Amino acid sequence: MPELPEVELTRRHLAPILRGAVVEHAEVRHERMLRRQPPGPGFCSLLVGRRIEAADRRGKLLLFPLDDGRIWVVHLGMSGRLAVDGAAAGPHVRVVVRLRGGPDLLFVDPRTFGFTAVLTAEQLQAGPAAHLGPDALEELPTVDEIAGALAGRGAPLKAVLLDQGVFAGLGNIYADEVLFRARLLPDRPAGSLVREEIAALRRAVRPVLEDGLRHGGTSLDDLAYLLPDGRAGAYLSRLRAYGRAGDPCRRCGAAIRRTVVRQRSAHYCPECQR
DNA sequence: AACGATCCCTGTTGGC
DNA sequence: TGCCAACAGGGATCGT
């Protein structure tokens, strides 16, 4: 699944290709991918002819500012990836963007949970970025800020981690890994954490994400996340909680358990996490 | 307001 | 072997 590390690796790979490039042509093969594009001028007409100024990221959103002030936004959803020419083909190519004198950029997304749009800054803030908190890697909130965000909340801690408002960029896999590292149970009411636990949570976020980055991200299977050049990430084999139900905890040896929190799987060590 | 359930979508998996 | 239901999940939306 593309979560923060996978999106960041995509950004790093594409930045030198996209920066300064002019969009020569754009083709949308699956209209659902444009469901976040507001009424008015269409995605292709807003993108073609524009020069891409930068390759940024906020949470799981890829943001490509254009020379007219608008921003080309890409969210990879659950099964999306951006592939450069030749690294992908087949029935799941949803959007193709041709760069002048450069490669085609393919937005591949079998399950079409991803989307793309060309938006003004205002439209971005009112739309895809509306509920986005500080980036979990670049803008890690302080203990006080986290405490304020969790105070009084009865929702399971894991649900709060997934809703993007406190740590933008965590998804189901890295949320489990962060909770494992912080030794906190996923179904703990978010507001029940004492200060030392909040500090442990905060301390866990960056190392987990950086470990994911260092190992090329997590590729669950052939259809999930791949780097834009087609390579798979190696972090899967280093996961300590996610997907390891029944396997021994890498810290204490107890069997990792799987439960469901908010209709989503959650994995934890019943001995290490409290 | 906060929270939980449902839905979207399709490739893969497991049961019969 | 073949068929089909269940499952996976980010985030919008809706009901409580």
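Remember, predicted model here, so these are calculated numbers, not experimental data. Just so it is clear: chains get the letters A, B, ... in the order the sequence lines come, proteins before strands, and each one is counted from 1. Every heavy atom of this structure was used, including side-chain atoms; hydrogens, water molecules and symmetry mates were not.
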If only side-chain N and O atoms count, and only distance matters, is there a donor-acceptor pair under 3.5 Å linking A:T259 with A:D187?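 Result is no, nothing qualifies.
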
A:R32 side chain to A:T112 side chain, donor-acceptor N/O pair below 3.5 angstrom: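 Yes, because at least one side-chain N or O of A:R32 sits under 3.5 Å from a partner of the opposite role on A:T112.
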
For C:dA8 and A:R258 - does any side-chain N or O of the residue sit under 4.0 Å from the phosphate oxygens OP1/OP2?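 Looking at the OP1 and OP2 atoms of C:dA8, one of them is under 4.0 Å from a side-chain N or O of A:R258.
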
So, is A:Y242 close to the C:dA8 phosphate, meaning a side-chain N or O under 4.0 Å from OP1 or OP2?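 It does not, given that no N or O in the side chain of A:Y242 lies less than 4.0 Å from OP1 or OP2 of C:dA8.
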
As a test of reading the structure: which of [options] is closest to the side chain of [X], going by heavy atoms?
X      : options               : answer
A:Q263 : B:dA5, C:dG10, C:dG9  : B:dA5
A:R153 : B:dC3, B:dT6, C:dA12  : B:dC3
A:H92  : B:dC3, C:dG10, B:dG11 : B:dG11
A:H75  : B:dC3, C:dG10, B:dC9  : C:dG10
A:A155 : B:dC3, C:dG11, C:dG10 : B:dC3

Tell me the interatomic distance from A:I173, atom CD1, to C:dG10, atom C1', rounded to whole angstroms.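 The distance from CD1 of A:I173 to C1' of C:dG10 comes to 12 Å, rounded to the nearest Å.
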
What is the separation between atom CG on A:D163 and atom C1' on C:dG10, rounded to the nearest whole Å?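 Checked: the CG to C1' distance equals 12 Å.
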
Evaluate the side-chain proximity of A:L76 to A:V74: yes if any heavy-atom separation is below 4.5 Å, no if none is.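 The answer is yes, as the side chains (C-beta and beyond) meet within the 4.5 Å cut-off.
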
Which is more 5' along DNA chain B, the nucleotide nearest A:R32 or the one nearest A:P156? Just name the residue.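 By nearest-heavy-atom nucleotide position, the 5'-most residue is A:P156.
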
With A:R36 as the cation and A:F115 as the aromatic partner, state whether NZ or CZ is under 6.0 Å from the six-membered ring centre and within 45° of the axis.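 Verdict for A:F115: a cation-pi partner in A:R36.
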
Looking at the base of C:dA8, is there any donor atom on it, or on the side chain of A:R111, that sits under 3.5 Å from an acceptor on the other one?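 Flag set: donor-acceptor pair detected.
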
Stacking check: are the rings of A:F113 and C:dG9 less than 5.5 Å apart at their centres and under 30 degrees in tilt?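 A stacking contact exists, since A:F113 sits close and nearly parallel to the base ring of C:dG9.
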
